[in-house]
Structure formats: structure tokens, C-alpha cells
Amino acid sequence: MPRQPRRRSYDQYCAAARALDAVGDRWTLLIVRELLAGPRRYTDLHADLPGVSTDVLAGRLKDMEREELATRRKLPPPAAATVYELTARGRELLPVLTALAAWGAPELAERRPTDAVRAHWFAIPLIPLLRRLPHGTAVLDVRLDEGEFHVRTGPEGDAPVYGDGPAPDADARLVLDADTCRALAAGTLTFEEGVKDGRVQVAGEGPVADVLRGA
């Protein structure tokens with residue numbers, strides 16, 4: 001089997017440099033962001049990464065496989081589709097992306113005319129906030145004008161912590177807009193203030209929805 005060429009390296013005996021050797025290329029961490037939501041087909045990844053070329057996406061996925069951050073497998077019939085998914089090491093990048101999202105939140109003050117947006121891109125910034133709410137382990141749907149995603153607030157494990165679209169087992173639904181998501185993630189609005197002001201609407205029946213309405 002021919003040896004695959006090495007990727008460019010900083011050649012520095014430094015943990016940060018080694019990490020950037022693996023994930024520092026453009027698009028890599030955004031591919032991780034998509035795969036944190038669960039296994040994805042190549043066509044779905046390409047659709048939710050507007051601006052990436054097919055060659056670059058294919059190359060990054062190969063790099064991620066070589067770095068053992070991602071793997072691919074074929075789904076059984078009737079799907080019979082090939083999907084990419086993160087390895088355990090790839091899933092360990094969630095705190096890295098969470099920290100980057102918190103650091104970059106102030107840059108979302110204004111949406112540029114050229115900016116694409118997907119609802120589930122707000123999941124990572126919201127996860128720390130939703131985990132701090134007093135409802136315990138739960139599955140929460142989050143609905144924006146741009147779409148819907150769901151977040152699992154329990155302990156991290158092998159299951160994705162968020163996913164695109166509604167969850168069939170959701171305990172409650174939060175309805176808000178992108179500006180409110182940004183304010184919550186940036187800490188300029190608390191969840192309690194959002195509920196009180198009507199910027200965050202809580203739908204659903206049961207103890208989780210009741211706790212969130214009274215948060």
C-alpha cells in the first residue's frame with residue numbers, strides 16, 4: 001500500500017502546534033462542527049458548508065481519517081449510503097469549538113449580507129447555557145426562523161450532543177430568533193430574562209417544560 005504523503009507540519013515540539021498540525025487547516029474545524037451532530041453523508045456536509053469546494057472537502061475528510069479524527073462507513077440497506085462520523089478523539093474537540101464560539105461571539109454583532117446561516121450552527125454556543133439550566137438531563141428542540149435543531153443536555157457519551165432538525169423524544173421546545181441566540185451565547189441576555197421578556201418561548205408539557213418556563 002503506497003505511503004500517504006505527510007501533511008505540512010509546524011515542526012514544533014509544542015502541544016498547540018501539534019494540535020494545529022491536525023486541525024489547523026481551513027474548513028477542518030467546521031467539518032468537525034457538522035459531524036458533532038452525528039454521521040453525515042458527503043452531500044449533506046457539502047450543503048451545510050457553503051463556500052467549500054468539493055476537492056477541498058474531500059481532501060479535508062481524507063486528512064481527518066488519516067489523523068483518526070473521523071471515519072467513514074456504509075449504512076445498511078435500505079439506506080446503503082456512505083457516511084462520515086467522528087471518532088472518540090474527534091468528539092473531544094467539542095470543548096475546543098465551544099471555547100472558539102464563546103471567543104468569537106462578539107463578532108456576530110452584525111450579520112453581513114454575504115453571511116450564510118444554518119440553525120444548527122447556534123447549537124455549540126448554546127450548549128453551555130442549556131446545560132446550566134435547572135432541568136437536569138433532557139432533550140430540547142430549538143426553533144429559529146432559519147430552522148430547527150435539538151440539544152441533549154445530559155452527560156457526554158457516544159451519542160451526539162446536538163443534531164439538525166427536531167428530536168422525536170424532545171422534552172420541550174424553545175422558540176427564539178437568531179439575535180436572541182447570539183445574546184444568550186454572548187451573555188448579554190440570561191435565559192430567565194429571555195423567558196420573562198418573551199424573547200424565549202417554551203412549548204411542551206411535562207416537568208422539563210415547566211421548569212424552563214419558571215426558570
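Ion pairing between a basic and an acidic side chain is recognised when a charged N comes within 4.0 Å of a carboxylate O; Glu34 and Arg40 show such pairing. Of the charged side-chain nitrogens involved, none lies within less than 4.0 Å of a carboxylate oxygen, so that Asp177 and Arg143 do not count as a salt-bridged pair. Comment: Arg118 does not engage Glu146 in a salt bridge, judged by the lack of any side-chain N to carboxylate O separation of less than 4.0 angstrom.
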I'd like to know whether Arg18 forms a salt bridge (charged side-chain N to carboxylate O under 4.0 Å, His left out) with Asp11, so could you lay out the CA-CA distance, the side-chain angles of the two residues, the decisive distance to 0.1 Å, and finally the verdict. CA-CA 8 Å; Arg18 288 287 196 269; Asp11 291 326; 5.9 Å; no
Criterion side chain to side chain contact (heavy atoms under 4.5 Å, CB included) on Phe122 and Leu184, from CA distance to verdict: CA-CA 10 Å; Phe122 289 97; Leu184 290 170; over 6 Å; no
Do Arg173 and Glu148 pass the salt bridge (charged side-chain N to carboxylate O under 4.0 Å, His left out) test, and can you show the C-alpha distance, the side-chain angles, and the key distance before you say yes or no? CA-CA 10 Å; Arg173 174 179 289 116; Glu148 193 166 358; 3.0 Å; yes
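For the atom pair Leu69 CG and Thr28 OG1, the distance stands at 8.5 Å (nearest 0.5 Å). Taken from CZ in Phe191 to OG1 in Thr180, the straight-line distance is 11.0 Å, to the nearest 0.5 Å. Here the CG atom belonging to Leu140 is positioned 8.0 Å from the CG atom belonging to Leu133, to the nearest 0.5 angstrom. Rounding to the nearest 0.5 angstrom, the gap separating the CZ atom in Arg131 from the OG1 atom in Thr137 is 9.5 Å. Separation of atoms OG1 (Thr82) and CG (Leu75) is listed at 7.5 Å; rounding is to 0.5 Å. How far CG of Asp171 is from CZ of Arg152: 9.5 Å, rounded to the nearest 0.5 Å.
Among pairs with a residue in residues 96-110, none fulfils side chain to side chain donor-acceptor pair (under 3.5 Å), at least two apart in sequence or across chains.
For Glu193, the CD atom counts as densely surrounded, since its 6.0 Å shell holds more than 12 non-hydrogen atoms of other residues, nucleotides or ligands.
The side-chain heavy atoms of Val83 and Tyr42, taken from C-beta on, include no pair separated by under 4.5 Å. For the pair Leu174 and Gln201, the minimum side-chain heavy-atom distance is 4.5 Å or more. Taking the side chain as every heavy atom from C-beta outward, Val175 and Val200 never approach each other to under 4.5 Å. By the 4.5 Å heavy-atom criterion applied to side chains, Pro39 and Arg73 are counted as neighbours.
Here the side chain of Asp48 pairs no donor or acceptor atom with the backbone of Leu45 at under 3.5 angstrom.
Here the closest heavy-atom approach between residue Ala185 and residue Pro125 is recorded as CB-CB, 3.6 Å. Nearest approach of Pro134 to Val211, heavy atoms of both residues: O-CG1, 3.1 Å. Residues His150 and Pro166 come closest through the heavy atom pair ND1-C, 3.8 Å. Between Arg60 and Arg26 the shortest heavy-atom distance is NE-O, 2.7 Å. In terms of heavy-atom proximity, Asp164 sits nearest to Ala37 at N-CB, 4.5 Å.
Met64 pairs with exactly one of Asp25, Leu35, Val23 by the side-chain contact (heavy atoms from CB on, under 4.5 Å) rule, that one being Leu35. Of the options Val56, Leu30, Asp44, a side-chain contact (heavy atoms from CB on, under 4.5 Å) to Leu49 is made by Leu30 and by none of the others.
Classified by interplanar angle (parallel below 30°, tilted 30° to 60°, perpendicular above 60°), the ring pair Tyr162/His120 is parallel.
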